[in-house]
Amino acid sequence: MSENQIHLTFPDGTVRTYDKGTNALQIAQSISAGLARVALGAVLNGRQIELKRPINEDGEIKLVRWEDEEGKTMFWHSSAHLLAEALQEIYGDVKFGIGPPIDNGFYYDVDFGEQKISEDDLPMIEQKMHELAKQKNEFNWYLVAKDKAIDYFKKKNDHLKLDLLENLKDGDISFVEQGNFVDLCRGGHIPDTGYIKAIKLLNVAGAYWRGDEKNQMLTRIYGVSFPKKAMLDEYLARLEEAKKRDHRKLGKELGLFTFSQKVGQGLPLWLPKGAELRERLEAFMRNAQKEAGYSPVVTPHIGHKDLYVTSGHYEKYGADSFQPIKTPHEGEEFLLKPMNCPHHCEIYKSSPRSYRDLPLRLAEFGTVYRYEQSGELHGLTRVRGFTQDDAHIFCRPDQVKDEFKKVIDLVFKVFNALGFEEYVAQISLRDQEDRSKYIGSEANWDRAESDIIEAAAEKNLNTVIAYNEAAFYGPKLDFMVNDAIGRSWQLGTIQVDYNLPERFELEYVGSDNDKHRPVMIHRAPFGSLERFVAVLTEHCAGEFPLWLTPEQGIILPISDKFMHYAEKVLHELNKCDIRVSIDERAEKIGKKIRDAELKKVPYMLIIGEKEVENEQVSVRKHKHGDLGSMSIEAFKEVIAEEIKV
RNA sequence: GCCGAUGUAGCUCAGGGGUAGAGCGCGUCCUUGGUAAGGACGAGGUCAUGGGUUCAAUUCCCAUCAUUGGCUCCA
């Protein structure tokens with residue numbers, strides 16, 4: 001073994017030996033010309049590097065192409081540099097923050113000083129990027145001493161990069177240069193700008209420097225880029241498709257819900273069809289909860305301020321909430337309830353509890369009101385008044401894990417019934433550095449956190465751990481599901497709480513005849529009905545499962561001569577709880593079918609002379625077409641069969 | 001809350017300093033039709049609200065409200 005050689009392990013396990021200073025491009029060429037042609041960069045010991053960066057160490061290496069996750073990352077990261085270069089060319093003296101790749105594209109945070117940027121400016125910037133891309137400028141990575149780097153950005157008067165530099169370790173700093181643009185950058189770039197063939201700048205947004213609202217707000221430009229024009233077209237087409245699934249659009253089209261400026265922002269109004277659907281979801285959950293040993297309770301929409309002082313919510317959220325309402329004479333203060341748990345604690349306290357009573361599971365579809373920031377409101381997914389399928393489980397400490405697992409089962413029951421296959425189970429734990437922001441003892445937190453982790457592991461959940469995401473009173477397990485345009489929303493949630501029982505001084509008498517403190521588990525499998533319906537709508541693109549959908553079928557008489565029989569069919573089906581209506585309009589059958597298809601009605605029952613004669617209905621299924629004629633009884637069975645699943 | 005955009009008929013949107021238009025929907029009539037759009041006629045708008053500029057504002061400017069893309073937040 002020579003000191004001038006390096007040993008590199010490839011993903012398939014083979015080890016190859018090269019001279020020190022060999023670069024990834026040469027390595028790719030040594031494997032195949034094809035690989036060298038498509039390689040965008042390499043990953044060496046977990047670090048992304050350029051093809052031409054000399055390699056001087058042993059380790060694991062992977063050559064990456066566009067098809068690889070890292071390939072896209074490097075491509076988009078490089079595109080961000082290109083964006084910055086274009087901005088510098090156009091606007092001159094602007095300061096650059098950070099420009100990372102994201103899931104679908106990249107952004108750059110920029111301080112434009114006095115200049116204002118709006119979406120109208122994007123095409124011009126895109127144009128400039130294309131120009132610069134055509135120059136095929138190489139991305140050159142090189143090292144600079146830290147003090148030299150500081151000098152460089154001082155000269156440019158770039159406070160953002162200086163701020164970044166301050167937080168970097170001493171020693172050499174890496175720079176990347178392409179064309180006339182030099183940036184502070186760790187690296188991982190594609191060979192040159194010429195690879196970037198298709199660019200679309202998507203939007204302009206404000207973003208706080210370093211994500212802290214105390215800092216200056218920078219202008220963030222989002223974009224996406226591709227090595228081929230066709231890929232961009234495909235991506236944009238997918239975005240258009242996704243927009244069609246947007247629950248705000250579908251909710252309007254299907255008559256599920258609406259908002260009124262007069263009622264107030266973030267306060268949804270459920271229309272008859274939406275309300276019906278929601279009631280069916282509630283019934284589903286009531287049933288499941290009954291089976292799982294929950295007891296229903298009902299509590300009012302407001303509660304005395306003292307209740308929330310006791311719970312700690314007032315201290316934590318009081319100033320940023322809807323303000324208390326006062327009784328006219330006594331001046332007593334009440335809050336719109338932001339949570340159901342304090343009320344449930346009082347129900348727990350309404351009677352002495354024995355260890356034999358535990359676990360006590362109190363369930364309520366509780367409507368709560370929270371003052372969400374106006375900029376955060378979004379359709380039904382983020383609102384100011386919403387109903388949780390809430391329940392609180394009061395149990396002994398040794399029952400926590402078991403109860404937790406039962407709730408996980410309940411969540412899966414929901415997800416299975418509604419076809420949510422893709423979710424992320426996020427375990428939210430404390431901030432590892434700052435523990436001052438949490439209520440409750442260290443020992444309780446430790447125990448709660450380990451209970452969750454163990455329960456999740458025993459249920460084989462695919463989990464991610466998120467530090468600093470816990471509620472202020474306890475750790476939690478959230479089930480996150482994506483919406484149509486890829487945003488992640490929390491649906492089901494399970495939270496351990498060792499804190500409220502203490503604040504409310506909840507007790508039970510143990511088998512030892514001593515008093516003990518119960519543990520609380522907050523849980524909501526749907527989360528909020530509003531958000532759940534929103535995400536469900538997007539998930540199934542408005543084509544709800546038959547058991548849930550407001551309109552299961554529509555009867556389409558070919559002419560009004562058959563209206564009498566249509567009504568007979570209607571009554572026959574309604575009698576069996578099959579939700580159908582009649583399209584009584586004087587339209588041709590093709591028109592009625594088209595409209596029913598557009599309304600996504602699952603079954604169309606066409607009735608004409610033949611059907612009347614044979615006492616049948618001609619069945620047409622949404623998106624499938626004609627299923628042929630059958631008796632009313634047979635159709636009922638079709639429905640029954642589909643609902644069973 | 002902060003940065004950007006938007007607000008015209010029930011819906012989707014066009015227009016533009018001289019008080020408005022399309023398609024769909026809706027209503028009436030004709031048509032009574034067989035698996036994704038039959039025809040005619042008609043009703044519908046203080047152009048989000050409040051100020052300002054102007055002889056004149058729906059159009060330009062400012063503010064407010066709402067919606068929207070992000071950021072921050074999210075019991």
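The sequence lines fix the lettering, A, B, ..., with proteins before strands; numbering per chain opens at 1.
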What does [X] touch in the nucleic acid at a heavy-atom separation under 4.0 angstrom: a base, only the sugar-phosphate, or nothing?
X         : result
Ile558(A) : base
Ala586(A) : base
Asp560(A) : base
Gly211(A) : sugar-phosphate
Ser311(A) : nothing
Arg620(A) : base
Tyr222(A) : sugar-phosphate

Inset, instruction - Map Lys561(A) and Ser321(A) onto RNA chain B by nearest heavy atom, then report which one ends up closer to the 5' terminus. - result: Lys561(A)

Inset, instruction - Establish, with yes or no, whether the OP1 or OP2 oxygen of C74(B) is under 4.0 angstrom from a side-chain nitrogen or oxygen of Gln373(A). - result: no

Legend entry - Proximity to the side chain of Glu611(A) - top-ranked nucleotide from G34(B), C74(B), U32(B): G34(B)

Inset, instruction - For RNA chain B, produce a single dot-bracket line, 5' to 3'. Pairs: Watson-Crick or G-U wobble, both distances under 3.5 Å. Symbols: ( ) within strand, [ ] crossing, | other strand, . unpaired. - result: (((((((..((((....[..)))).(((((.......))))).....(((((..]....))))))))))))....

Inset, instruction - Could you classify G4(B) for me, syn or anti, using a glycosidic angle within 90° of 0 as syn? - result: anti

Check residues 257-268 of chain A and write down every donor-acceptor pair under 3.5 Å in which the side-chain atom is one partner and the other belongs to a residue at least two apart or another chain.
{"residue": "Ser260(A)", "atom": "OG", "partner": "Lys262(A)", "partner atom": "N", "Å": "3.0"}
{"residue": "Ser260(A)", "atom": "OG", "partner": "Val263(A)", "partner atom": "N", "Å": "3.0"}

Inset, instruction - Starting at atom CE of Met480(A), determine the distance to atom C1' of C74(B), rounded to an integer number of angstrom. - result: 11 Å

Legend entry - Cationic N near anionic O, under 4.0 Å, Asp212(A) to Arg210(A): no

Legend entry - Basic-acidic side-chain contact under 4.0 Å: Glu609(A), Lys561(A): no

Inset, instruction - Under 4.0 Å from any atom of RNA chain B, heavy atoms only: list the residues of residues 252-263 of chain A that qualify, in numerical order. - result: Lys252(A), Gln261(A)

Legend entry - Within residues 600-610 of chain A: residues closer than 4.0 Å to RNA chain B (heavy atoms): Ile606(A), Gly608(A), Glu609(A), Lys610(A)

Between protein and nucleic acid, restricted to nucleotides 23-26 of chain B and to nitrogen or oxygen atoms under 3.5 Å apart, what atom pairs and distances do you find?
{"residue": "G25(B)", "atom": "OP1", "partner": "Lys591(A)", "partner atom": "NZ", "Å": "2.6"}

Inset, instruction - Identify which one of Glu449(A), Arg517(A), Glu502(A) satisfies the side chain to side chain donor-acceptor pair (under 3.5 Å) criterion when paired with Asn444(A). - result: Glu502(A)

Inset, instruction - Answer yes or no: does atom CD of Glu442(A) have more than 12 heavy-atom neighbours from other residues, nucleotides or ligands under 6.0 Å? - result: yes

Nucleotides 3-6 of chain B: which of its N/O atoms have a protein N/O under 3.5 Å away?
{"residue": "C3(B)", "atom": "O2", "partner": "Gly206(A)", "partner atom": "N", "Å": "2.9"}
{"residue": "G4(B)", "atom": "OP1", "partner": "Lys116(A)", "partner atom": "NZ", "Å": "3.0"}

